[in-house]
Peer 1: 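I have a structure here, written as structure tokens, and I will follow up with some questions on it.
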Amino acid sequence: PRPHEFLARTLGEDGYAGVEVRVTPIRTEIIIRATRTREVLGEKGRRIRELTALVQKRFGFPENSVELFAERVENRASCAMAQCEPLRFKLIG
């Protein structure tokens, strides 16, 4: 499964800067890199839980086998992806 396109569309306005997928024997960890992690996480972690459920359903992960994390991109200027995604979001809509 390739969640990059889905997350880029969903989190384009939140400074989405890429994703890293780590597969372990127990679960799949999806690390979302973004400049605005607070928006990715949502109030009391609500949005990241919703995103986890969506990714799980859309990509056919067994229940409780996928976990999403948000990692802050500190220097947006050094991350081309963090600069491009918001522009792409505005252009494509």
Peer 1: Listed by chain and number, what are the side chain to side chain contact (heavy atoms under 4.5 Å, CB included) partners of R27, not counting sequence neighbours?
Peer 2: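 In terms of side chain to side chain contact (heavy atoms under 4.5 Å, CB included), with neighbours along the sequence ignored, R27 is linked to T24, E29, E67, F69.
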Peer 1: R72: what forms a side chain to side chain contact (heavy atoms under 4.5 Å, CB included) with it, not counting sequence neighbours?
Peer 2: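 For R72 the side chain to side chain contact (heavy atoms under 4.5 Å, CB included) partners, ignoring immediate neighbours, are T37, E74.
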Peer 1: To the nearest 0.5 angstrom, please state how far the CG atom of L11 sits from the CD1 atom of I32.
Peer 2: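 Answer rounded to 0.5 Å: 5.5 Å.
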Peer 1: Are P3 and V21 packed together at the side-chain level, in the sense that at least one heavy-atom pair is separated by less than 4.5 angstrom?
Peer 2: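 They are in side-chain contact.
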Peer 1: For the CZ atom of R38 and the CD atom of E43, what is their distance to the nearest 0.5 Å?
Peer 2: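 Those atoms lie 11.5 Å apart.
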Peer 1: Atom CD1 of I30 and atom CD of Q56: how far apart are they, to the nearest 0.5 Å?
Peer 2: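 One finds 10.0 Å between CD1 of I30 and CD of Q56.
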Peer 1: Quick check against the 3.5 Å criterion: does T52 have a side-chain atom that pairs as donor or acceptor with the backbone of I48?
Peer 2: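 Between the backbone of I48 and the side chain of T52 there is a qualifying donor-acceptor contact (under 3.5 Å).
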Peer 1: State plainly whether one hydrophobic cluster holds both L68 and V23, where clusters connect Ile, Leu, Val, Met, Phe, Trp and Tyr through side-chain heavy atoms under 4.5 angstrom apart.
Peer 2: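 Yes, same cluster.
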Peer 1: Under the criterion side-chain contact (heavy atoms from CB on, under 4.5 Å), I'd like the reasoning laid out for V66 against F59: C-alpha separation, chi angles, the key distance, then a yes or no.
Peer 2: CA-CA 10 Å; V66 65; F59 298 100; over 6 Å; no
Peer 1: By the salt bridge (Lys or Arg N to Asp or Glu O under 4.0 Å) test, which pairs, at least two apart or in different chains, include something from residues 45-56?
Peer 2: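 Qualifying pairs, neighbours excluded: D14-R47, R46-E50.
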Peer 1: State, to 0.1 Å, how close T10 and F6 come at their nearest heavy-atom pair, and which atoms those are.
Peer 2: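 Looking at all heavy atoms of both residues, the shortest contact is OG1-O, 2.7 Å.
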Peer 1: Check side chain to side chain contact (heavy atoms under 4.5 Å, CB included) between E20 and all other residues, then give those that pass, not counting sequence neighbours.
Peer 2: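 R22, I31, R33.
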